Amino acid sequence: QAQLLESGGGSVQAGGSLRLSCQISIRAYFPVRMAWFRQAAGMEREGVACIWPARGDSVYADSVKGRFTISKDNAANAVYLQMDSLNSNDTAMYYCAAAQWHMTSISPLNTDAYTDWGQGTQVTVSS
């Protein structure tokens, strides 16, 4: 099972930016899709963005469109989430997820579409 190692979380003021990184620890592991999820206190985990590393396509939740950008570095087996124009609603634990196989019957922003998860990195936005 692959380990996903997130980094880059922290505290920032509203309007600021953060860049999250997710590194896959196993070199021979090539997921078909990777994503970022977040979970605020008392809330369900929600999909933020996902990317298909092979072709570069991406999907975003409506709440982050135009503010967040997901990207990948296939050589480094890493995925990033650039977060701009942050607001207090973005405060949450952010998780990296990877899918070992395609699940076309499930939304790519659904937690059930992913097989491997990181431990999370906290993002706190103060107003």
Side-chain angles (χ1 to χ4, degrees):
Q1 187 175 4
Q3 274 193 311
L4 307 180
L5 307 173
E6 302 106 331
S7 62
S11 297
V12 64
Q13 289 192 328
S17 299
L18 283 173
R19 185 176 187 249
L20 305 183
S21 299
C22 174
Q23 178 70 54
I24 299 177
S25 63
I26 299 177
R27 293 180 64 84
Y29 178 71
F30 302 104
V32 297
R33 186 176 63 253
M34 293 193 70
W36 287 96
F37 285 74
R38 66 185 181 186
Q39 187 167 18
M43 305 292 285
E44 292 188 354
R45 192 169 298 190
E46 63 170 351
V48 173
C50 72
I51 190 167
W52 285 262
R55 62 186 198 242
D57 291 352
S58 57
V59 171
Y60 294 90
D62 288 343
S63 58
V64 306
K65 279 181 182 176
R67 300 189 299 121
F68 289 12
T69 304
I70 189 170
S71 62
K72 43 88 177 178
D73 183 337
N74 290 342
N77 222 6
V79 172
Y80 309 97
L81 186 68
Q82 177 66 40
M83 305 186 295
D84 298 319
S85 301
L86 286 162
N87 59 60
S88 57
N89 292 327
D90 298 317
T91 294
M93 184 72 79
Y94 283 71
Y95 297 91
C96 180
Q100 295 184 39
W101 47 78
H102 292 290
M103 299 182 195
T104 55
S105 62
I106 302 175
S107 165
L109 293 182
N110 187 308
T111 55
D112 291 340
Y114 295 87
T115 52
D116 299 289
W117 292 85
Q119 294 298 308
T121 184
Q122 178 67 37
V123 171
T124 302
V125 184
S126 57
S127 55

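Residue numbers run from 1 in the order of the sequence given. Bear in mind that the values here come from a model prediction, so they are computed numbers and not experimental data.
- A pairwise comparison of heavy atoms in Thr91 and Val125 identifies OG1-N, 2.9 Å as the closest pair.
- Note that CE of Met83 is 11.0 Å distant from OG1 of Thr69, once rounded to the nearest 0.5 Å.
- Across all non-hydrogen atoms, the minimal contact from Ser85 to Arg67 is O-NH1, 2.9 Å.
- Within 6.0 Å of CD in Gln122 there are more than 12 heavy atoms belonging to other residues, nucleotides or ligands.
- To the nearest 0.5 Å, atoms OH (Tyr95) and CD (Glu46) are separated by 12.5 Å.
- A heavy-atom distance below 4.5 Å is not found between the side chains of Leu18 and Asp90.
- Counting all heavy atoms, side chain and backbone alike, Ala98 lies closest to Pro31 at CB-CB, 3.8 Å.
- Judged by distance alone, the side chain of Gln100 and the main-chain N or O of Tyr29 form no donor-acceptor pair under 3.5 Å.
- Nearest heavy atoms, Ala49 versus Tyr60: CB-CD2, 3.6 Å.
- A heavy-atom distance below 4.5 Å is not found between the side chains of Thr121 and Ser7.
- Taking every heavy atom of both residues into account, Ala14 and Ser127 meet most closely at CB-CA, 4.1 Å.
- The distance from atom CD1 of Ile70 to atom CH2 of Trp52, rounded to the nearest 0.5 Å, is 9.5 Å.
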Problem - Worked check of side-chain contact (heavy atoms from CB on, under 4.5 Å) between Ser17 and Val12 - result: CA-CA 7 Å; Ser17 299; Val12 64; over 6 Å; no

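- Using cut-offs of 30° and 60° on the angle between ring planes, the pair Phe68 and Tyr94 is tilted.
- In this structure, Gln119 CD and Gln3 CD are separated by 8.0 Å, a value rounded to the nearest 0.5 Å.
- Asp116 contributes no side-chain N or O that, together with a main-chain N or O of Leu4, makes up a donor-acceptor pair within less than 3.5 Å.
- Annotation for Cys22 and Trp36: closest pair CB-CZ2, 3.6 Å, computed over non-hydrogen atoms.
- The shortest distance between side-chain heavy atoms of Asn110 and Met103 does not fall below 4.5 Å.
- Cluster annotation: Val64 is connected to Leu86 through the hydrophobic network of ILVMFWY side chains, with a link wherever side-chain heavy atoms come within less than 4.5 Å.
- If you take CD on Glu44 and CD on Gln39, they are separated by 8.5 Å, rounding to the nearest 0.5 Å.
- The hydrophobic clustering, which links ILVMFWY residues whose side-chain heavy atoms are closer than 4.5 Å, places Ile24 and Leu20 together.
- Although no hydrogens or angles enter the test, the distance criterion places a donor-acceptor pair under 3.5 Å between the side chain of Glu6 and the main chain of Gly120.
- Rounding to the nearest 0.5 angstrom, the gap separating the CE atom in Met34 from the CG atom in Leu81 is 11.5 Å.
- Under the 4.5 Å side-chain heavy-atom criterion for Ile, Leu, Val, Met, Phe, Trp and Tyr, Ile106 and Trp101 are members of the same hydrophobic cluster.
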